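Here the structure is a predicted model, which is why all the values come from computation and not from measurement. Reminder, nothing fancy here: chain letters follow the sequence lines and each chain counts from 1. What you see below is based on every heavy atom in this structure, not just the backbone, and it leaves out hydrogens, waters and symmetry mates.
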Amino acid sequence: MSENDKNTEIHTAQTNTEEQANAPKESTDQQAAQQTIAEAGAMPASATTAQEAEAAGRVADPQPTAPPVSSTQADGGARTVEDTPRSERDRTPAEKADAVKVQSDAEAAKAAGVEMTKVTVDGVEVEVPKGTLVIEACFRAGADVPYFCYHPRLTSIGACRMCLVSVELEMFGARRESIFTCCTVPVAEGMAIKTRTPEVKKAQNGMLEFLLANHPLDCPICDRGGECPLQNMTVAYGPPTSRFIEEKRHFPKAYPISDYVVLDRERCIQCMRCTRFCEEISGDGQLALLNRGSSTEIGTFFGHDFTSNFSGNTIEICPVGALLSRTYRFAARPWEISSSDSICSKCGNGCNVALQTRLGELVRVNGRTNEDVNEEWTCDRGKFGNYYVNDESRLKHPLMRRADGALHPASWDEALAAVAERITRTKAEFGADAIAGIGSTRCTVEDNYLFGKMLRALVGTNNLDHRMLPHGFEPMQTTIAEIEHFKTIVSVGMKLDWDQPIVYLRVFKAYSKKGANWIKADVVDNTVTEALRAGGADAVLLLPHHLPQDQIDRAKKLCASTGAKLNVLLPDCNSWGAARAGILPDRLPGLTAFREGRAHLDSFWKTPLPTASGLDSDGIFDAVSAGRVQMLYIMGSDPATRFHDTEKARRALEAAPFVVVQELFLTETAKRADIVLPAASFAEKDGTFFNIEGREQKIKQAMPVKGDARPDWRIVADLMGRLGTPVPYFSARDIYREYNRSIPKAEAVAAR
Amino acid sequence: MPRFTSETKARIDEIAGRYPDRRSALLPALWVAQEVYDGWLPEEAMQEVADHLGMSRAEVEGVASYYTMYNKEPVGRHHIEICQNISCMILGSDDLIHHCEHRLGVGSGETTDDGMFTLSRVECLGACSNAPAVQIGATYHENVTKERLDTIIEQLKSAPSEVAHPAQAKMPEQGQF
């Protein structure tokens, strides 16, 4: 197409839309257009003003009466001002979450007695806490303001210039009105904010044209397409065409900046959300805006790897497709995804996540908002580490050790019959205590509860444990959210951002935003003692559960004497749940001691329970090697690699006459088993996890179970049926209800 | 190999002491680093500045890459910066630049093979009243002609290197060249 054709076409389009619809408003439109250009000119990234004008001049040429620059025609494809706000449906989940966050913050501030300011937004009067940003007042009034760089959890810097609204205010004795970026202006009493005037619409429209000047518009091949704020805003607020006909800037596409993240600088609109996240939230400062003007780009220091444990969050908050996940790249379109609210399985922090699947495969893990736990963030371990559920090497059929000594596929019927037969035979020959069970810190409460019930009520043994370390339990003395309020925070013996990522984010928040003193130590030594003494009751000590017991004891004594709070942080997604479900040799569900819980359980489970404490995991492995335990039933645990004394565990597994393992993978433990039963992963079942604080959180099935695998509770329930008890369980919910009722009343209340 | 000596660090600390926040000293600290690292800022220089000021190194690169007066490429012993802005341009800086390019055998932004000279076109040096202006190291030369530039270049061949530093910019003494 020749230059002339192009011009004519653009011109015709304008005549249709622009002149007819907007003719009477020409002068205001012109002002707004100039204002837009002035506004945008202040933005470092837009070097397009000259090109704009040039392009505009060319377009205007065919019409001799029109002034060369900045005429209505020169305004490209400014669309007719539509007075219909975007519907809820047109907003991305992230936008909705932002609005919810703003609302809840405002409510909280009001409840806390913060002074309120009255403003009107499009004629609607709203009350907002003093110091609120105008954009937040707009959200509170239900108005729709387009934005890219604003984020309720980040400092507002007005980088994208998109959220232009008209603000009218009594100032220096006169009522003045001007167009502002509303994410950088705090409210003042009596402000009249207008979000839908023709001037505002025109300004926003112009701004979007600038933002798109260098944007490649490769939406059809962009992962963000379909859930992209830029795409959405362009549909709602943008010009239908661009006057920018020059070559756009080019960078390598999909440039990997770490194992998880690819960067597409062509798509970047320099909103600086990612750099602010790295600076303010994760504190690693790995990303920065490099160079200047039209060469501005996002990058890491001299191209080094983006080695943050929180890099995945930058993908989620990127309002365009500039930062993308390497695991999700081209895996799905957002509209093909089904999303289930669940809990991350990678550590004990219990991040609320959305498991997103397509055709039964996990394609993406996104953070969900829970102000008490992860706010809205996730760590990379959670975001990129949960793909194991898709792994082809997952166990899909039961395996049995046959005459040739190797594991061979078997049917469920065959495998379960063999296990049931072996349990009955072992019990008859050697007594119930010749059977021992190892529960799991990664299975749900339901799985563990039923496992415990089977071994205690049906088999009749207390040889039951789930611990891989010979340690006791210390409930956390604060919640995760409370950590950010302490003035002194001492973390010992861990790389907090990798081991307890969400706790780390709270600690960093306290340290960077609230001026807390953060002391890191390798062991509980004099530095720790001094810091805690100085901190007094306003100090909190964070310890990993794997620290030697004498260190934990020392820390306990220390905290008791200084008044500091002690948080011993457990490692796994359901470490607390396994204990709570009673997978301990001397504790019943709800961590009830025998003497308090037995009477209740005897009648509730309708069978007398063994009276003496059983063996703990160390004791179990010793007893196996000594021949006292004849059968080992392991659910979702891998002592061959995770037990504190792996040699001992391996020896016991070799020595045991019969080992049953329920697992996802053929682990070192499963390799030594006689029967391996394939289990469903956390993404394939419903259930409950207790996080490190003991917070009860539900997981939900997100995808169909791989192969022939079954949820752990289902396997145990099937086995219970074969051992002679009818199975009344149809869902994890049934079991959870029973679990709650199995705890003596007082405990049940405390557990909630 | 880190090049910051305790003396360099003390200099940066002294500058940082003038501000309530250490990171405010970033720009002057980068000047110090540029001096220590032979007139330019390699990766190590930025790393050292970041470490010493306790900032993220990416932010240091972001700032250093924003400003053109921090050299991101190695420069020769003498960095000849010829102003190409309007006053100098009207008074013949284009000719000066071309003359210099021919004489040194390099294009603008390049360094001679012997590592003696780097030639750059720069924006306004703020010496419009005596245009055309040329900055070499920390020294300003005004009312420059081709002949004077030749003399200067000849003399520079035996002169010690000098790194530009805004706080130390100086005028040549009368009749120095």
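No part of A:Glu297 comes within reach of chain B, as not one of its non-hydrogen atoms sits under 4.5 angstrom from that chain.
Looking only at distances, no side-chain donor or acceptor of A:Asp497 sits under 3.5 Å from a matching main-chain atom of A:Tyr504. A donor-acceptor distance shorter than 3.5 angstrom exists from the side chain of A:Glu280 to the backbone of A:Thr155, with no hydrogens or angles considered.
Using a cutoff of 4.0 Å between basic side-chain nitrogens and carboxylate oxygens, A:Lys253 and A:Asp264 are scored as salt-bridged.
The aromatic rings of B:Tyr67 and B:Tyr70 sit perpendicular, their planes meeting at an angle over 60°, well past the 30° parallel limit. Taking the six-membered ring for Trp and thresholds of 30 and 60 degrees, A:Tyr260 and A:Phe384 have nearly parallel ring planes, at less than 30 degrees apart.
Of residues 104-121 of chain B, not one residue has a non-hydrogen atom less than 4.5 Å from any non-hydrogen atom of chain A.
Cation-pi geometry between A:Arg292 and B:Tyr66 is satisfied (NZ or CZ under 6.0 Å from the ring centre, within 45° of the ring normal). With A:Tyr255 as the aromatic partner, A:Arg265 meets the cation-pi criteria of under 6.0 angstrom to the ring centre and within 45 degrees of the ring axis.
Listed options B:Gly62, B:Ala50, B:Ala58, B:Ser56 were ranked by heavy-atom pairs under 4.5 angstrom with chain A; first place goes to B:Ala58.
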